[in-house]
Amino acid sequence: MLKGIAASSGITIAKAYKLETPEIIIEKKEGCDPAAEYARFEAALEQSKQDIQHIKEAATGRLSDEELAIFDAHLMVAEDPAMASEVKMMCENEKVNCDYALDKVAGNYIAMFESLDDEYMRERAADIRDVTTRIKYHILGVKIADLSLIDEESIVVAHDLTPSDTAQLNKKYTKGFATEVGGRTSHSAIMARSLEIPAIVGIEHVMSEVKHGDTLILDAIKGELLINPDEATIAEYQKKAEAYREEVEALKVLKDAKSCTTDGHKVLLVANIGTPNDVEGVIANGAEGVGLYRTEFLYMNAQALPTEEEQYQAYKKVLEAMNPKPVVVRTLDIGGDKKLPYLPIDPEMNPFLGYRAIRLCLDRKDIFRTQLRALIRASAYGKLEIMFPMIATLGEFREAKKVFEEEKAKLVAEGVKIGEDIEVGMMVEIPAAAVLADQFAKEADFFSIGTNDLIQYSMAADRMSEKVSYLYQPFNPSILKLIKMTIDGAHKEGKWCGMCGEMAGEPDAISVLMGLGLDEFSMSATSVLRARKVANSVCYEEMKKLADKALQCCTAEEVLDLIHATVK
Ligand code: PEP
Ligand code: MG
């Protein structure tokens, strides 16, 4: 059994389809005819462009616009005149074969992008490798694996899946995939979730351990891959897979149900989204709104800062689709691990503690104002709530709110129609803000607790580091106390308090958070129905007692034991 990171939930059993990337050996040949070599290169280039175009067309409808944009990026690489002319020059000056010339030219570009200390730029290196490898295959007449040709139920096993590979996957036959590289937020993981294919990524040695045609059990709930299991294990997992499907199916009856405890206490179960396309899943899973729209993806998937109009269209699409349900949009949270290629930030020792989110927006008010204008204009189409990320001081909140008020006043003066009451709140993800929540609540319309960051800052444990991941402890009583301070602070001023960190969707956490008085829980859309089942089965008065006891505990383990003993 091999272990990896469960990137897209589900259990599936099928034969392995190994995606072997053909090894090609490029040899340098001298004394070649430059014109003939360049013609060969151009023919392969043309064929590659057509391939990319076809893959894009085949994936249209299956993938979101943002995901399809990857192929535009690939076409841009293929159409880059600089690369073609460098290949041409090398063929002419050195009289070498075109595959060798391309290999050298592409290699330089890839090395350059890979050397940059920036995840986004490194992904561009992957794009260049993807496209130029295709061109080389065509030059050498190597057959390119076409995953769209898979015609029996399979689990695709690969070192990595490029965006063009993932886009070719046919859901009818591809029952899951397992890759050697990748994390929860890698391209392939994101695609797997949007295609709703179970997937495990980051499985070490999966390519050497699995043979083509092996029977595999992919448990993408636990992140385990079983190779050639015996009949009894297969039978056991068939039952588990069936139980999982039944559970998912059974939960559907709760789609239009209220999120209400047995003694009539209502909460709001809403979803986190990254792109307008995610709204479909939000509605399909019965979420009562959007509790966190991470707008940075709009910026990360672009080649330059998105214009006011581009942003307006995206926000309007979400608000219209959700109307009259609320949509909480978070203003740009860039920096930390999220970077923009066209907006270089000076290297910092501790980017998570550095120039990011609201800190950057208050420094670059031009960027901030454009986003706020787009949002305020879109507010006419639904129930918009805006929140600022990474607020540490009241001064920051006041300054951000002032910019919002200025832009709103300008738009009103311009006669632009806007929504009636746009709430302006903030994320509570810095311990200082949680401790001072009672003061913030006098000025903010609502809070949304970002536990992903709140926990990393409270425990001083980098959320990206495997080594200290044991300190990610949502149930540590210290974290529960900070959450309580935040909720109490809001309620004292008659404001509401939500949570949009991963903790809000953890079934074990819901009961205790409810007891602490949390009003809104925002999670991945596929977690909503399971959360509703918990909410509908507990008694609020009991959960209040549970929360009181949890606050008296000394360790996270004690809190979890208490929850398991109380909530069945
Ligand atoms: C959080 O910090 O909990 C949060 C929701 O924001 P992000 O994960 O985008 O930092
Ligand atoms: Mg955060």
Correct closest heavy-atom pair for Ser478 and Asn476 would be OG-OD1, 2.7 Å

Open item on the list: Assess whether a salt bridge exists between Arg356 and Glu296, defined as any Lys/Arg side-chain N lying under 4.0 Å from an Asp/Glu carboxylate O.
Closed with: no

Residues 214-239 vs ring pair (Phe, Tyr, Trp, His ring centres under 6.0 Å), sequence neighbours excluded, gives none

Residue pairs passing the ring pair (Phe, Tyr, Trp, His ring centres under 6.0 Å) test with at least one member in residues 48-68, sequence neighbours excluded, are none

Nearest heavy-atom approach of Glu180 to Ser208 is OE2-N, 4.3 Å

Between the CD1 atom in Ile449 and the CE atom in Met499, the distance rounded to the nearest 0.5 Å is 4.5 Å

Worksheet item: Should Lys136 and Asp103 count as an ion pair when the cut-off is N to O under 4.0 Å?
Response: yes

For Lys533, the salt bridge (charged side-chain N to carboxylate O under 4.0 Å, His left out) test, sequence neighbours excluded, returns none

Sorted by chain and residue number, the side-chain hydrogen bond (donor to acceptor under 3.5 Å, both in side chains) partners of Thr295 (sequence neighbours excluded) come out as Gln371

Across all chains, not counting sequence neighbours, the salt bridge (charged side-chain N to carboxylate O under 4.0 Å, His left out) partners of Glu242 are Arg245

So CG of Leu226 and CG of Asp214: to nearest 0.5 Å the spacing works out to 12.0 Å

Rounded to the nearest 0.5 angstrom, the CG-CD1 distance for Leu2 and Ile203 is 6.5 Å

Is the closest side-chain heavy-atom distance between Val270 and Val290 below 4.5 Å? no

For residues 201-229, the ring pair (Phe, Tyr, Trp, His ring centres under 6.0 Å) pairs (sequence neighbours left out) are Tyr17-His212

With sequence neighbours left out, the residues meeting ring pair (Phe, Tyr, Trp, His ring centres under 6.0 Å) with Phe521 are none

- prompt: Taking atom types as modelled and ignoring hydrogens, do the side chains of Asp51 and Ser48 form a donor-acceptor contact shorter than 3.5 angstrom?
  reply: no

message: Would the distance check show the side chain of Arg134 and the main-chain N or O of Ile52 forming a donor-acceptor pair, the cut-off being under 3.5 Å?
response: no

Rounding to 0.5 Å, atoms OG1 (Thr132) and OH (Tyr137) come to a distance of 10.5 Å

To the nearest 0.5 Å, atom CG of Leu254 lies from atom CZ of Arg530 at 11.0 Å

Contacts of Asp160 meeting salt bridge (charged side-chain N to carboxylate O under 4.0 Å, His left out) (sequence neighbours excluded), chain-then-number -> none

Contacts satisfying salt bridge (charged side-chain N to carboxylate O under 4.0 Å, His left out) that involve residues 250-260 (not counting sequence neighbours) are Glu249-Lys252

> Does the side chain of Thr275 come under 3.5 Å of the side chain of Asn277 through a donor N or O and an acceptor N or O?
Replying inline: no

Residues passing the side-chain contact (heavy atoms from CB on, under 4.5 Å) test with Thr555, sequence neighbours excluded, are Glu557, Glu558

Hits for side-chain contact (heavy atoms from CB on, under 4.5 Å) against Thr261, two or more places apart or cross-chain, chain-then-number order -> Asp263, His265, Met514, Val538, Tyr540

What one should report as the nearest heavy-atom pair of Ala6 and Ala220 is CB-O, 3.3 Å

The reported gap from OH in Tyr457 to CG in Asn452 (rounded to nearest 0.5 angstrom) is 10.5 Å

Sorted by chain and residue number, the salt bridge (charged side-chain N to carboxylate O under 4.0 Å, His left out) partners of Lys240 (sequence neighbours excluded) come out as Glu236

